[in-house]
Protein chains: 2
Amino acid sequence: MTIKEVCEKYDITADTLRYYERVGVIPEVTRTPGGIRDYQETDIAWVENAICFRDAGMPVEMLIEYVKLYQEGDSTIDARTNLLKEAREYILEARKKYDIALKKLDYKIGRYEIAQKTGVLTWTCDEDDKKKG
Amino acid sequence: MTIKEVCEKYDITADTLRYYERVGVIPEVTRTPGGIRDYQETDIAWVENAICFRDAGMPVEMLIEYVKLYQEGDSTIDARTNLLKEAREYILEARKKYDIALKKLDYKIGRYEIAQKTGVLTWTCDEDDKKKG
DNA sequence: TCTTGACTTAGAGTTAACTCCAAGTTGTAA
DNA sequence: TTACAACTTGGAGTTAACTCTAAGTCAAGA
């Protein structure tokens, strides 16, 4: 699979894919004899992982660390497990914050919709919220 | 409340608080006659909102837009409601990605823990996952 | 009053994560 | 075999969101 095909499949730029490889977010990609990237299933699986975890806000540094450990072989299984668990906490923590924001948003939207329907800003029970918009 | 107290309360730097005010993520904060920031309840409510939505990955630009609309008065209620709904979609979308990453992590952690317990990398049913680490 | 530490501003610098550029190479189609 | 698009690299540039610096002002205690 060419870099272009991978780009299109995952809606990501070629520059980003090359950047990921250069800094070690993914291991080195398989090449043609001429030196052109030819993504195999395994390469693509790494790309998929990288995108998935970056989408979840994981820092590039953490992904690099994981790939480095992976390349050191079986002796790093413990370290990798720990890293994955750390990542898990990281994501759970972040998701908690998303839920709080969502709750706040739903509350605000509800009030604004009442204001729209009635044509007036009718809230009176929550001066603080009224003041802060 | 002084800037220092607000910093400590929300675990955020004074620089960030001043930055938020400067670029309009929050409206201008109440000052003492000498020009020193003296956060009132309303100011703090804005700070809380800013932190909450930034924590949920909302871009600063979006918060600035909201504050701008808020300051333009009641005529912008529709626009504000739309902005809030857009923010809601944004966060829901992001959270979906967090859930996907979490699922992937849980799967990997499960397999690594088996490897740790048995002392061997025993997975055989999923060559692809094995290869990609 | 003087000192000292926290505050102020404008503006420059930093960091993470890309994103772009120039100059050269590869591979396919005519 | 020549054109030409798509690829390659190293390195510079960009963007968002802070973070720091310098030079000065404010305010509480000795």
Side-chain angles (χ1 to χ4, degrees), chain A residues 1-40 43-44 46-47 49-68 87 90-91 94 97 101, chain B residues 1-40 43-44 46-47 49-68 87 90-91 94 97 101:
Chain A
M1 218 179 188
T2 68
I3 199 166
K4 197 178 191 190
E5 286 165 337
V6 177
C7 288
E8 277 159 10
K9 182 164 184 192
Y10 294 105
D11 194 29
I12 186 177
T13 70
D15 274 319
T16 299
L17 278 174
R18 283 189 285 253
Y19 162 72
Y20 281 174
E21 188 176 347
R22 179 152 49 87
V23 300
V25 163
I26 58 173
E28 298 209 341
V29 169
T30 312
R31 306 293 180 111
T32 64
I36 289 183
R37 288 177 184 79
D38 180 22
Y39 290 81
Q40 303 303 305
D43 302 315
I44 289 171
W46 278 106
V47 168
N49 272 334
I51 292 171
C52 174
F53 293 125
R54 284 292 304 123
D55 278 351
M58 299 289 306
V60 158
E61 257 320 312
M62 219 163 182
L63 305 186
I64 292 172
E65 179 65 14
Y66 183 81
V67 170
K68 207 181 285 167
Y90 185 103
I91 291 179
K97 296 196 171 155
Chain B
M1 218 178 185
T2 67
I3 198 167
K4 197 179 191 189
E5 287 165 335
V6 178
C7 288
E8 278 159 10
K9 182 163 183 192
Y10 295 106
D11 194 29
I12 186 177
T13 70
D15 273 320
T16 300
L17 278 173
R18 283 189 284 253
Y19 162 72
Y20 280 174
E21 186 175 349
R22 179 153 50 86
V23 302
V25 163
I26 58 171
E28 298 210 339
V29 170
T30 312
R31 306 292 181 114
T32 65
I36 290 182
R37 287 175 184 81
D38 180 22
Y39 291 80
Q40 304 303 305
D43 301 315
I44 290 171
W46 279 105
V47 168
N49 272 335
I51 292 172
C52 173
F53 293 125
R54 283 293 302 121
D55 278 351
M58 299 288 306
V60 158
E61 258 320 312
M62 218 163 182
L63 305 185
I64 293 171
E65 179 64 16
Y66 183 80
V67 170
K68 206 182 284 168
Y90 185 103
I91 292 180
K97 297 197 170 155

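Throughout, a chain's letter reflects where its sequence line sits, starting with A, and its residues are numbered from 1. Quick note: numbers below take in every heavy atom, side chains included, and nothing from hydrogens, waters or symmetry partners.
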Worksheet item: With nearest nucleotides of DNA chain D determined for A:Asp15 and B:Gly57 from heavy-atom distances, which residue corresponds to the more 5′ nucleotide?
Response: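 By nearest-heavy-atom nucleotide position, the 5'-most residue is A:Asp15.
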Subject >> Nearest-nucleotide comparison on DNA chain D, the residue closer to the 5′ end among B:Pro33 and B:Pro59 >> reply: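 Closest to the 5' end, via its nearest nucleotide, is B:Pro59.
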* To do: Would you check if there is a donor-acceptor pair between the side chains of B:Thr32 and B:Asp38 at a distance under 3.5 Å?
  =>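 Note: B:Asp38 and B:Thr32 side chains miss the donor-acceptor criterion.
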**Request:** Indicate whether OP1 or OP2 belonging to D:dT9 is found under 4.0 Å from a side-chain N or O atom of A:Arg31.
**Result:**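 For D:dT9, OP1/OP2 do have a side-chain N/O of A:Arg31 under 4.0 Å.
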Within less than 4.0 Å of OP1 or OP2 of D:dC18, is there a side-chain N or O belonging to B:Tyr20?
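It does, given that an N or O in the side chain of B:Tyr20 lies less than 4.0 Å from OP1 or OP2 of D:dC18.
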[X] has an atom [atom1]; how far is it from atom [atom2] of [N], in whole Å?
X	N	atom1	atom2	value
A:Leu17	D:dC7	CG	C1'	13 Å
B:Lys4	C:dT4	NZ	C1'	13 Å
A:Asp38	D:dT8	CG	P	10 Å
B:Glu21	D:dA17	CD	P	18 Å
A:Asp11	C:dC18	CG	C1'	15 Å
A:Met62	C:dA16	CE	P	15 Å
A:Glu61	C:dT15	CD	P	13 Å
B:Arg18	C:dC7	CZ	P	8 Å

Go through [options] for me and flag the one nearest to the [X] side chain.
X	options	answer
B:Tyr19	D:dG11, C:dC7, D:dC18	D:dC18
A:Ile3	C:dC20, D:dT8, D:dT19	D:dT8
B:Ile36	D:dA27, C:dC21, D:dC20	D:dA27
A:Arg37	D:dT8, C:dT8, D:dT19	D:dT8
B:Val60	C:dG27, D:dT8, D:dC18	D:dC18
B:Arg54	C:dC7, D:dA17, D:dT8	D:dA17
B:Arg22	C:dT8, D:dA17, C:dG11	C:dG11
B:Thr16	D:dT19, C:dT19, C:dC7	D:dT19

Under 3.5 Å, is there a donor-acceptor pair between the side chain of [X] and the main chain of [Y]?
X	Y	result
A:Tyr90	A:Gly57	yes
A:Tyr20	A:Ile51	no
B:Asp43	B:Gln40	yes

Worksheet entry | Residues B:Leu17, B:Tyr39; criterion side-chain contact (heavy atoms from CB on, under 4.5 Å); working and verdict | CA-CA 11 Å; B:Leu17 278 173; B:Tyr39 291 80; 3.8 Å; yes
